[in-house]
S.K.: 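Could you have a look at this structure, given as C-alpha cells, before my questions?
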Amino acid sequence: MTSEGCLLCARALALANADPGWLLRTGHWGVSTYPALPAPGWVAVQTLRHTEGLAALDGAEAIELGPVLARLSAAVTRVTGSERVYTYSLGEGSPHTHVLLGPPRRDLRGAAFITGLLRRDVSLADEAAALRVARDLADELAAGNTPTT
C-alpha cells in the first residue's frame with residue numbers, strides 16, 4: 001500500500017483543520033484521538049510519513065517513538081487518574097504504523113477491555129468525555145508537564 005490509499009495518511013491531512021486535531025505533533029509522530037471509538041483517554045500515535053509497521057521506521061522515527069510513548073503515557077496518567085495505560089498495535093485494519101494508547105475503565109480491565117475496544121463496544125464510548133479528555137491531554141502536552149526527549 002502507498003500513502004495514496006491509506007486511511008491514516010488521509011486522516012493526518014484532515015487533522016490540521018479538525019477540533020481537537022493533533023494533540024501532539026513531533027518531528028516524526030502525531031497523536032490524535034482514537035478514530036474508531038470515542039473512548040475517553042484513548043489516542044492514536046502514528047508516523048507522519050507513510051510507513052507500514054515498526055520494521056519500516058527509519059532511525060529518527062525509532063529513536064523518537066519511546067520518548068513520545070513515555071511522555072504521552074505520563075500525560076494520560078495525569079489527566080485521567082488511571083493507574084495503568086494500555087498500548088497495542090496490530091496494523092491489520094490500517095497498514096500504517098500506529099500505536100493505540102489509553103486507560104482501561106475502572107470496571108473493565110485487561111483482555112475484556114481490549115476486546116471491547118477492538119469490537120468497538122459502544123458501552124466504552126462517551127463522546128463528550130473523550131473530547132474533554134483530548135483537550136486536557138493537548139493542554140498537558142503543550143504545557144510540557146510530562147517527560148520530554
Side-chain angles (χ1 to χ4, degrees), residues 1-80 82 84-105 113-149:
M1 172 179 273
T2 65
S3 62
E4 287 180 23
C6 177
L7 293 173
L8 288 180
C9 285
R11 185 169 186 268
L13 294 173
L15 283 169
N17 298 315
D19 179 20
W22 291 114
L23 307 181
L24 174 69
R25 207 175 146 154
T26 68
H28 304 285
W29 294 90
V31 178
S32 63
T33 57
Y34 177 44
L37 186 73
W42 275 85
V43 298
V45 181
Q46 71 180 70
T47 51
L48 295 177
R49 76 177 178 100
H50 183 76
T51 59
E52 295 186 17
L54 295 174
L57 299 181
D58 66 24
E61 290 161 338
I63 288 169
E64 199 174 74
L65 179 58
V68 165
L69 292 176
R71 181 178 177 193
L72 186 57
S73 293
V76 167
T77 298
R78 196 173 341 273
V79 167
T80 67
S82 180
R84 298 278 182 264
V85 175
Y86 295 171
T87 59
Y88 78 91
S89 180
L90 300 173
E92 293 295 329
S94 180
H96 180 117
T97 307
H98 64 287
V99 176
L100 301 174
L101 181 147
R105 276 195 348 204
F113 180 85
I114 293 297
T115 298
L117 201 64
L118 289 172
R119 290 185 177 157
R120 298 180 182 161
D121 180 341
V122 295
S123 73
L124 300 177
D126 183 335
E127 200 164 330
L131 182 58
R132 184 178 62 253
V133 171
R135 288 181 174 147
D136 289 349
L137 278 172
D139 289 347
E140 181 78 12
L141 292 162
N145 295 331
T146 55
T148 58
T149 57

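Hydrogens, waters and symmetry mates are skipped; everything else that's a heavy atom, side chains included, is used. As the structure is a computational prediction, the values presented were derived from the model and not from experiment.
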S.K.: Would you say W42's side chain and P103's backbone share a donor-acceptor pair under 3.5 angstrom?
M.R.: yes
S.K.: For a quick test of reading the model, state the closest non-hydrogen atom pair linking L23 to A134 and the distance between them.
M.R.: CD2-O, 3.5 Å
S.K.: Is the closest side-chain heavy-atom distance between L117 and L100 below 4.5 Å?
M.R.: no
S.K.: What are the two closest heavy atoms between I63 and P67, and how far apart are they?
M.R.: O-CD, 3.2 Å
S.K.: Between L48 and R25, which heavy-atom pair has the shortest distance, and what is it?
M.R.: CD1-NE, 3.7 Å
S.K.: Looking at L72, V76, L69, which one forms a side chain to side chain contact (heavy atoms under 4.5 Å, CB included) with V85?
M.R.: V76
S.K.: S82 and side chain to side chain contact (heavy atoms under 4.5 Å, CB included): which single residue from S73, P40, P104 fits?
M.R.: P104
S.K.: Nearest 0.5 Å, please: how far is CG in L8 from CG in L13?
M.R.: 11.5 Å
S.K.: So how far is it from R105 CZ to L124 CG, rounded to the nearest 0.5 Å?
M.R.: 5.0 Å
S.K.: Test your reading of the model: is there a side-chain donor-acceptor pair from E140 to the backbone of R78, 3.5 Å cut-off?
M.R.: no
S.K.: Taking side chain as C-beta onward, heavy atoms only, is H96 less than 4.5 Å from T47?
M.R.: yes
S.K.: To the nearest 0.5 Å, what is the distance between CD (Q46) and CH2 (W22)?
M.R.: 4.0 Å
S.K.: Tell me yes or no: between the side chains of T26 and E64, is some donor less than 3.5 Å from an acceptor?
M.R.: yes
S.K.: Using the rule side chain to side chain contact (heavy atoms under 4.5 Å, CB included), only one of L131, L137, L15 pairs with P20; which is it?
M.R.: L131
S.K.: To the nearest 0.5 Å, how far apart are CG in L37 and CG in D121?
M.R.: 8.0 Å
S.K.: With rounding to the nearest 0.5 Å, note down the distance linking CG in L57 to CD in E52.
M.R.: 12.0 Å
S.K.: CZ/R49 to OG1/T97 distance, rounded to the nearest 0.5 angstrom?
M.R.: 8.0 Å
S.K.: Hey, can you tell me if F113 and Y86 have their rings parallel, tilted or perpendicular (30° and 60° cut-offs)?
M.R.: perpendicular
S.K.: Could you tell me whether the side chain of H98 reaches within less than 4.5 Å of the side chain of P35, counting heavy atoms only?
M.R.: no
S.K.: If every non-hydrogen atom of A56 is compared with every non-hydrogen atom of E61, which pair is closest and at what distance?
M.R.: O-OE1, 4.3 Å
S.K.: Decide yes or no for L24 and V43: does some side-chain heavy atom of the first lie under 4.5 Å from some side-chain heavy atom of the second?
M.R.: no
